[in-house]
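Input: a single structure, listed below in C-alpha cells.
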Amino acid sequence: MVRFFINMVMAALLTGGAVLVHAQDTRPDGAGLTSESLRYQLGSGDQIRVIVYGEEDLSGEFELDGSGTIAMPLIGTISIGNQFVSDAELLIAEHLSDGYLVNPRVSIEVLNYRPFYILGEVNEPGSYPYVSGMTVLNAIALASGFTYRASENKIEVTRRINGVEEKIRISITEAVLPGDIIRVPERFF
C-alpha cells in the first residue's frame, strides 16, 4: 500500500499533478490497474491550452476533434488523442524542433475535460460535465438519483484505458473519470 502511494506521488510530480486516482479495482478477474493506466489521457472533446514558452504566436487554446487531433500553427494537424499529457507535450515539442524552433519548451493544461455519461436506472440519464474529484455517488446525484428499480451494488463503468475500452464494476465511492460511461442496472427483486 505504501508503495502504491509513493508511485502515485512520483507520477504526480512527473506529470505536473495530472494523475487521477482510482480508489479500488473490483474487477472480477482481479487484474489491478496500475498508476500508469490511471494518469489522464487526452481524448476527443477535451479543451486544452498549449503553451510554447517564448512563442506567443504558437501558443493557444484548442479542442481535440473526434479523431483526437488539433491543428497548431507551423506544424499543422497533430494527433494527441489517447496520449498522456506529458507525452503530448513531448510530441508537440518534437514537431516544433523539426526545423522550426531550437529546444522548444511546451506545456499543456487541460481547460475543460470531456463529459461523462450515465445510463440505466437513474432518473435523468445523459451526458454531464466532468468535475475534478467527482465520485460515482456525485454523478448519480447529478442524474437526480436512483430509480426505485436500481441495483445500487452492481454499478458498472466503461472506461478507456490505454486506448482499450474496459468494463469495470465499481462502488459508489469510487472516482469518475472524464469520458466514463456509468451504467446502473435494474435489480431483479
Side-chain angles (χ1 to χ4, degrees), residues 8 15 17-29 31-50 60-71 77-85 87-88 108-189:
M8 292 304 297
T15 63
V19 176
L20 299 172
V21 178
H22 180 68
Q24 175 183 359
D25 182 17
T26 56
R27 289 188 290 178
D29 62 3
L33 296 173
T34 65
S35 62
E36 178 74 8
S37 66
L38 300 174
R39 292 189 312 163
Y40 187 67
Q41 291 180 305
L42 297 168
S44 48
D46 283 337
Q47 293 179 343
I48 62 171
R49 177 180 295 135
V50 178
E61 294 180 6
F62 305 92
E63 183 172 341
L64 277 72
D65 66 13
S67 60
T69 62
I70 60 172
T77 302
I78 183 166
S79 179
I80 58 172
N82 294 327
Q83 300 253 352
F84 296 121
V85 173
D87 295 338
I108 293 177
E109 175 186 1
V110 180
L111 300 174
N112 286 319
Y113 296 96
R114 60 191 174 274
F116 71 93
Y117 307 90
I118 187 162
L119 309 168
E121 296 300 321
V122 292
N123 288 310
E124 294 181 23
S127 168
Y128 291 92
Y130 174 78
V131 177
S132 185
M134 178 176 284
T135 66
V136 174
L137 184 59
N138 299 131
I140 291 166
L142 278 175
S144 297
F146 291 113
T147 65
Y148 71 92
R149 295 182 304 268
S151 177
E152 299 176 20
N153 298 325
K154 295 184 179 177
I155 299 170
E156 183 178 88
V157 157
T158 302
R159 180 174 291 163
R160 185 171 291 275
I161 300 172
N162 295 325
V164 178
E165 284 192 359
E166 293 189 29
K167 290 186 180 190
I168 306 166
R169 199 150 141 198
I170 62 173
S171 74
I172 61 173
T173 61
E174 294 188 49
V176 172
L177 301 180
D180 277 358
I181 301 170
I182 303 168
R183 189 178 149 303
V184 179
E186 182 179 7
R187 63 182 162 84
F188 293 112
F189 300 102

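Positions are given from 1, in the same order as the sequence printed here.
Taken from NZ in Lys167 to CD1 in Ile181, the straight-line distance is 9.0 Å, to the nearest 0.5 Å. Note that the CD atom of Glu186 and the NZ atom of Lys154 stand 12.0 Å from one another [nearest 0.5 Å]. Interatomic distance, Met134 CE to Leu142 CG, rounded to the nearest 0.5 Å: 4.5 Å. Arg160 contributes atom CZ, which lies 13.5 Å from atom CG of Leu177 (distance to the nearest 0.5 angstrom). Note that CD1 of Ile168 and CD1 of Ile155 are 13.5 Å apart. Values are rounded to the nearest 0.5 Å. Distance check, rounded to the nearest 0.5 Å: CD1 of Ile108 to CZ of Phe62 gives 9.5 Å.
Between Ser127 and Tyr117, the closest side-chain pair of non-hydrogen atoms falls below 4.5 Å.
When every heavy atom of Asp65 is checked against every heavy atom of Ser44, the shortest pair comes out as O-CB, 2.8 Å. Across every non-hydrogen atom of Phe116 and Tyr130, the tightest pair is CD2-CA, 4.1 Å. Of all heavy-atom pairs between Ala143 and Tyr128, the closest is CA-OH, 3.5 Å. The heavy-atom pair separating Glu152 from Ile172 by the smallest distance is O-CG2, 4.2 Å.
Checked against salt bridge (Lys or Arg N to Asp or Glu O under 4.0 Å), Arg183 has no partners two or more places apart in sequence or in another chain. Looking at residues two or more places apart in sequence or on another chain, you find a side-chain contact (heavy atoms from CB on, under 4.5 Å) between Ser79 and Thr69.
Under 4.0 Å is where a charged nitrogen must lie from a carboxylate oxygen, and between Glu166 and Arg159 no such pair does.
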- CA sep, side-chain torsions, deciding dist, call: Val85, Leu42, side-chain contact (heavy atoms from CB on, under 4.5 Å): CA-CA 7 Å; Val85 173; Leu42 297 168; 4.1 Å; yes
- Show your working on side-chain contact (heavy atoms from CB on, under 4.5 Å) between Ile48 and Ile70 and close with a plain yes or no. CA-CA 10 Å; Ile48 62 171; Ile70 60 172; 4.3 Å; yes
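The closest donor-acceptor contact from the side chain of Arg187 to the backbone of Tyr148 lies under 3.5 Å. Proximity of a side-chain donor or acceptor of Asp46 to a complementary backbone N or O of Arg114 within less than 3.5 Å is detected.
Paired with Ile182 under the rule side-chain contact (heavy atoms from CB on, under 4.5 Å), one option of Val176, Val122, Ile170 passes, and it is Val176.
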